[in-house]
2 protein chains.
Amino acid sequence: MTTAGKETPRERYRAQLRAEVKERAWEQIAAAGAPGLSLNAIAKQMGMSGPALYRYFAGRDELITELIRDAYRSLADAIRTAAAAGADLAGLGHALRAWARDDPQRYFLVYGTPVPGYHAPDDITEIASEIMGALLDAAQSDGTAVETPADGHPDARLEAHLAEHRQWADGHPAPPAALRRALRFWTRLHGILSLELAGHFTGMGFDPAELYDSELRHLPQ
Amino acid sequence: MTTAGKETPRERYRAQLRAEVKERAWEQIAAAGAPGLSLNAIAKQMGMSGPALYRYFAGRDELITELIRDAYRSLADAIRTAAAAGADLAGLGHALRAWARDDPQRYFLVYGTPVPGYHAPDDITEIASEIMGALLDAAQSDGTAVETPADGHPDARLEAHLAEHRQWADGHPAPPAALRRALRFWTRLHGILSLELAGHFTGMGFDPAELYDSELRHLPQ
DNA sequence: TGCTTTCGTTAGAAGTTATAACTCACGGCG
DNA sequence: CGCCGTGAGTTATAACTTCTAACGAAAGCA
């Protein structure tokens with residue numbers, strides 16, 4: 001992580017302090033969730049008095065947005081790394097679950113309850129697109145024998161719809177069946193992870209990993 | 001909704017005021033999410049000064065817990081009503097989606113980002129169990145021809161696991177295949193709804209209903 | 001050495017939750 | 001009907017929060 005040495009001492013100090021603030025912010029979020037994050041408390045923890053941090057972050061919202069950005073980036077990294085190692089859809093699924101369980105609140109910063117007014121900045125949606133791109137790549141490679149389902153098949157109608165509404169694939173050459181697999185990967189795995197990390201499975205007695213793996217086995221279909 | 005007349009005028013007034021507070025609370029949550037809920041602001045809206053509301057709610061947390069309880073209750077009502085009308089799993093799925101879209105923030109109060117320390121009171125988890133019971137009923141009725149998958153089938157392993165870890169079914173006589181269907185109903189539909197309501201599909205161009213219905217078609221399998 | 005930019009401070013406004021203490025009015029009961 | 005206790009609403013206060021403004025000091029640059 002040794003960045004270019006072309007930065008002034010001030011810039012280096014600034015970057016270092018911003019990083020420390022973000023680290024403490026993650027700790028606070030892990031302890032009490034995003035609403036419990038207090039800029040003031042972080043400042044005191046770091047030995048400086050309240051408003052000092054406003055030199056480094058325009059406000060609480062900007063800090064949170066920054067954390068969301070970092071969360072997206074780390075997810076993209078995890079997916080990219082797995083894909084680069086030649087992982088198929090199931091492999092990406094395992095990477096996703098590992099990333100999610102590594103820091104549940106980070107997961108919820110990306111996929112949790114949205115703030116009604118909030119719109120993510122463009123560079124964040126770009127990262128989301130990159131992730132979707134990696135999913136589409138894998139979904140295309142995972143293609144099994146016959147790709148176009150018969151008319152009576154449960155997937156026929158969805159694939160017909162996706163074939164005509166594929167702008168989200170942004171020029172990706174994946175066939176409709178791959179679009180369907182990528183979308184299903186996303187929604188099905190998120191469904192399990194979200195409930196698992198939120199604790200809705202605790203006390204039920206079964207192993208979420210079994211459920212997750214069973215969904216992964218269904219994906220290539 | 002005419003409750004027993006055996007309550008004193010004071011009790012009736014109290015109940016009425018609590019109800020109005022909750023109504024305003026829902027409005028605030030719809031506008032700015034749960035973190036934006038302010039007990040103080042509600043009091044002022046109702047023409048009374050700050051601390052007056054503490055006669056009616058022990059604190060902000062109790063109010064939110066009450067809202068969560070009401071949210072669970074309304075979900076249970078929606079599912080129960082659909083089940084009573086003879087809905088199959090797909091029917092329950094439609095009822096669930098309608099309920100979710102009717103008030104996204106209410107959905108997220110139930111299935112959204114959890115507060116790290118929070119544990120729901122017992123009566124709320126009981127409502128959750130009742131909902132799961134209705135799901136199991138429908139999942140059992142939806143049973144198709146052959147129920148036990150062959151050894152090579154992607155579902156075989158999961159069903160074997162569920163057959164031995166079924167305390168969450170709480171004595172329900174549903175066979176393992178039904179347990180699997182109920183669980184899948186939950187996780188798959190939640191996956192779509194959560195992403196849809198959070199706005200992750202906006203701008204992608206496809207219709208979430210198509211994706212949802214296609215999952216509903218898969219459920220009986 | 002001096003100038004300029006940035007940093008951190010304190011002060012303060014406007015919020016929030018929540019408690020304490022006080023007043024007053026409603027309504028149950030004799 | 002009238003008394004009087006319980007419950008409701010008030011203000012005051014403490015301890016928080018975010019965030020702006022104004023000031024002083026320190027650090028980098030010429």
Side-chain angles (χ1 to χ4, degrees), chain A residues 4-22 24-68 109 115-118, chain B residues 3-68 109 115-118:
Chain A
K6 264 286 172 274
E7 40 186 353
T8 72
R10 272 218 157 117
E11 285 170 336
R12 245 181 312 146
Y13 175 76
R14 191 179 173 79
Q16 205 275 335
L17 197 146
R18 274 177 66 101
E20 185 173 343
V21 169
K22 290 202 272 182
R24 311 258 184 179
W26 281 116
E27 290 169 18
Q28 286 202 0
I29 286 183
L37 190 160
S38 159
L39 218 45
N40 222 320
I42 292 177
K44 281 196 222 153
Q45 265 184 23
M46 293 176 63
M48 30 209 266
S49 248
L53 293 194
Y54 286 80
R55 297 275 177 207
Y56 300 90
F57 295 93
R60 209 188 97 107
D61 285 3
E62 196 197 91
L63 172 56
I64 292 188
T65 297
E66 189 77 12
L67 297 178
I68 294 176
L109 228 46
V115 177
Y118 185 79
Chain B
T3 41
K6 264 289 172 270
E7 40 186 353
T8 72
R10 275 219 155 115
E11 284 170 337
R12 245 181 311 145
Y13 176 78
R14 193 180 172 78
Q16 205 276 336
L17 197 145
R18 274 177 66 101
E20 184 173 343
V21 168
K22 290 202 272 184
E23 225 165 280
R24 311 258 184 178
W26 280 117
E27 291 169 17
Q28 286 201 1
I29 286 184
L37 190 160
S38 159
L39 218 43
N40 223 319
I42 292 177
K44 280 196 220 153
Q45 265 184 23
M46 293 176 61
M48 30 209 268
S49 248
L53 293 194
Y54 286 81
R55 297 274 176 204
Y56 301 91
F57 295 93
R60 211 188 94 107
D61 285 3
E62 197 197 88
L63 172 56
I64 292 188
T65 297
E66 190 77 11
L67 297 178
I68 294 176
L109 227 45
V115 177
Y118 185 81

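All of these numbers come straight from a predicted model, not from anything done at the bench. Quick note: numbers below take in every heavy atom, side chains included, and nothing from hydrogens, waters or symmetry partners. Every chain is numbered from 1, with letters handed out A, B, ... down the list of sequences.
- Counting heavy atoms from C-beta outward, A/Ile68 and A/Tyr118 have side chains that approach closer than 4.5 Å.
- Pairs engaging residues 24-34 of chain B under the salt bridge (charged side-chain N to carboxylate O under 4.0 Å, His left out) rule: B/Glu20-B/Arg24 [sequence neighbours left out].
- A 4.0 Å heavy-atom criterion places the boundary nucleotides of DNA chain C facing chain B at C/dT16 to C/dG28, written 5' to 3'.
- Between B/Ser49 and B/Ala43, the shortest heavy-atom distance links the atoms C-CB, 4.3 Å.
- Against DNA chain D, the stretch residues 24-36 of chain B makes no heavy-atom approach under 4.0 Å.
- Rounded to 10 degrees, the angle between the two end axes of the helix from C/dT1-D/dA30 to C/dG30-D/dC1 is 0°, with five pairs used at each end.
- With contacts defined as side-chain heavy-atom distances shorter than 4.5 Å, the pair A/Leu63/A/Leu53 does not qualify.
- The backbone N or O of A/Thr8 sits less than 3.5 Å from a side-chain atom of A/Glu11, completing a donor-acceptor pair.
- One can place OH of A/Tyr13 at 11 Å from P of D/dG28, the figure rounded to the nearest angstrom.
- Sequence order on DNA chain C of the closest nucleotides to B/Lys44 and A/Leu17 puts A/Leu17 first from the 5' end.
- Computed from coordinates, the B/Arg14 CZ to D/dG9 C1' distance equals 13 Å when rounded to whole Å.
- Of the inter-residue distances, the one linking A/Tyr56 atom OH with A/Leu17 atom CG reads 4.5 Å to the nearest 0.5 angstrom.
- Nearest approach of A/Ala31 to B/Pro116, heavy atoms of both residues: O-CB, 3.5 Å.
- Closest to the side chain of B/Tyr56, out of D/dT10, D/dA8, D/dA27, is D/dA8.
- Within 4.0 Å of B/Phe57, counting heavy atoms only, lies no atom of the nucleic acid at all.
- Taking 4.5 Å as the limit, some side-chain heavy atom of B/Ser38 sits within range of a side-chain heavy atom of B/Gln28.
- Counting heavy atoms from C-beta on, the side chains of A/Leu109 and A/Trp26 come closer than 4.5 Å.
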Sub-3.5 Å pairs of nitrogen or oxygen atoms, protein against nucleotides 18-22 of chain D:
| residue | atom | partner | partner atom | Å |
| --- | --- | --- | --- | --- |
| D/dT18 | OP1 | A/Leu39 | N | 2.5 |
| D/dT18 | OP2 | A/Asn40 | N | 2.9 |
| D/dC19 | OP2 | A/Tyr54 | OH | 3.3 |
| D/dC19 | OP2 | A/Arg60 | N | 2.6 |

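- Listed by first then second residue, pairs satisfying salt bridge (charged side-chain N to carboxylate O under 4.0 Å, His left out) with a partner in residues 56-68 of chain A read A/Arg18-A/Glu66, A/Lys22-A/Glu66, A/Glu66-A/Arg69, not counting sequence neighbours.
- Closest approach of A/Leu37 to A/Ala25, counting heavy atoms only: CD1-CB, 3.9 Å.
- Between atom CD1 of residue A/Ile29 and atom CG of residue A/Leu67 there is a gap of 5.0 Å, rounded to the nearest 0.5 Å.
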